[in-house]
Amino acid sequence: MDAILDWMNSPAATLLGAPVSWIEVIGFVTGAACVYGVARQQAWNWPVGIINNVAFMVLFFGAGLYGETVLQAVFAAVSVYGWYNWVRGARATTEKGDLPIRDASRKEAAAGIGAVVLATAGIAMILTHGTDSQVPWPDAFVLAASLLATYAQARKIFQHWYVWIVIDLVSIPLYFSRGLNLTAILYIGFTALCVYGLVGWKRTRSAAARPEAAAGKVPA
């Protein structure tokens, strides 16, 4: 096991003056594939995402991003739920893989924002006083907001894309500051993929609504 971990953390290349480890390369490839799979509404994004979570656990722990290390472990657990939920489909039907895209209710949105604010503050305090983290607040925010986004993604709530975009915009400078240049570049790509996914999900939802709207028309 030690030999495997040593290889994972060994440099594969140099990018912008900083070494890029093999585990960071693995995280780059699986992360990009996962987000693309979500954008295309493919259930295989979840097992690929779990591989990505394990890779980033190793990477972030080595970089001193302890909040995000814990986050990846929680991600893996939530991903099992998301995988099941997407494959199972909607409760109201007997079909599989037909979980519809929906909007967050006002109550869900308010609860989500409140939870992120409180969790960010609490996690930041733990990281500040319980670890040697040098970036407790952005690390805490990424952890808290990502949990919300992953849960909403598992429920196919449309607004999760907006949360991911905000997370990416915070993560990019965070990872550059920790010397994780390839991962920072990956998150730039994530931002573009999130915009792609947002547009694609919006188009899918609009297309699904057209037959219902047409059926409800009353001839003049």
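All of these numbers come straight from a predicted model, not from anything done at the bench.
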Just checking Arg102: does its CZ atom have more than 12 heavy atoms from other residues, nucleotides or ligands closer to it than 6.0 angstrom? yes
Residue pair Trp46 / Val38, side-chain heavy-atom distance below 4.5 Å: no
Going hydrophobic residue to hydrophobic residue with side-chain gaps under 4.5 angstrom, can you get from Val54 over to Trp44? no
Find out whether Val80 and Ile50 are in side-chain contact, i.e. whether some heavy atom of one side chain is under 4.5 Å from a heavy atom of the other. yes
Inter-residue atom distance Leu186.CG - Asn52.CG, 0.5 Å rounding: 7.5 Å
For residues Phe75 and Val170: do they belong to one hydrophobic cluster (side chain heavy atoms under 4.5 Å, members Ile, Leu, Val, Met, Phe, Trp, Tyr)? yes
Could you report the tightest heavy-atom contact between His160 and Ala149, atom names first, then the distance? CB-O, 3.8 Å
Quick one: do Ile167 and Val135 end up in the same hydrophobic cluster if we chain Ile, Leu, Val, Met, Phe, Trp and Tyr together by side-chain heavy atoms under 4.5 Å apart? yes
Mark yes when over 12 heavy atoms from residues, nucleotides or ligands other than Tyr81 sit less than 6.0 Å from its OH; otherwise mark no. yes
At their closest point, which heavy atom of Thr30 faces which heavy atom of Val48, and how far apart are they? O-CG1, 3.4 Å
Any idea which heavy atoms bring Ala144 and Thr120 closest together, and the distance? CB-OG1, 3.6 Å
Is the shortest heavy-atom distance from the side chain of Lys156 to the side chain of Asn85 under 4.5 Å? no
Would you please classify the geometry between the Tyr187 ring and the Tyr175 ring as parallel, tilted or perpendicular, with 30° and 60° separating the classes? perpendicular
Check for me, please, whether Phe176 and Val25 land in the same ILVMFWY cluster - side-chain distances under 4.5 Å, paths through other members count. yes
Measuring from atom CD of Glu108 to atom CD of Gln159, what distance do you get when rounded to the nearest 0.5 angstrom? 9.0 Å
Kindly compute the distance separating CH2 (Trp137) from CD1 (Ile123), expressed to the nearest 0.5 Å. 10.5 Å
Approximate separation, where rounding is to 0.5 Å, of Ile185 CD1 and Phe28 CZ: 7.5 Å
Distance-minimising heavy-atom pair for Leu127 and Ala140: CD1-N, 4.2 Å
Using 0.5 Å steps for rounding, measure from the CG atom of Leu180 to the CD1 atom of Ile172. 13.5 Å
Any side-chain heavy atom of Arg178 sitting closer than 4.5 Å to one from Gln134? yes
Are any of the side-chain heavy atoms of Val116 and Phe141 separated by less than 4.5 Å? yes
Does Thr150 reach the side chain of Val74, with side-chain heavy atoms less than 4.5 Å apart? no
Nearest heavy-atom contact between Ala154 and Gly82 is CB-CA, 3.6 Å
Check the hydrophobic clustering (I, L, V, M, F, W, Y; side-chain heavy atoms under 4.5 Å; chains of links allowed) and say if Val166 and Val117 are grouped together. no
Measuring only between side-chain heavy atoms, which start at C-beta, is Lys202 closer than 4.5 Å to Trp161? no
Tell me, yes or no, whether the heavy-atom count around Trp83 atom CH2, taken from other residues, nucleotides or ligands under 6.0 Å, exceeds 12. no
Within a strict 4.5 Å, meaning less than it, do heavy atoms of the Asn45 and Trp86 side chains meet? yes
Show the nearest heavy-atom pair for residues Cys34 and Gly49, with the distance to one decimal. SG-CA, 3.7 Å
Neighbour count above 12 (heavy atom, 6.0 Å) for Phe61 CZ: no
CD1/Ile126 to CG/Leu143 distance, rounded to the nearest 0.5 angstrom? 9.5 Å
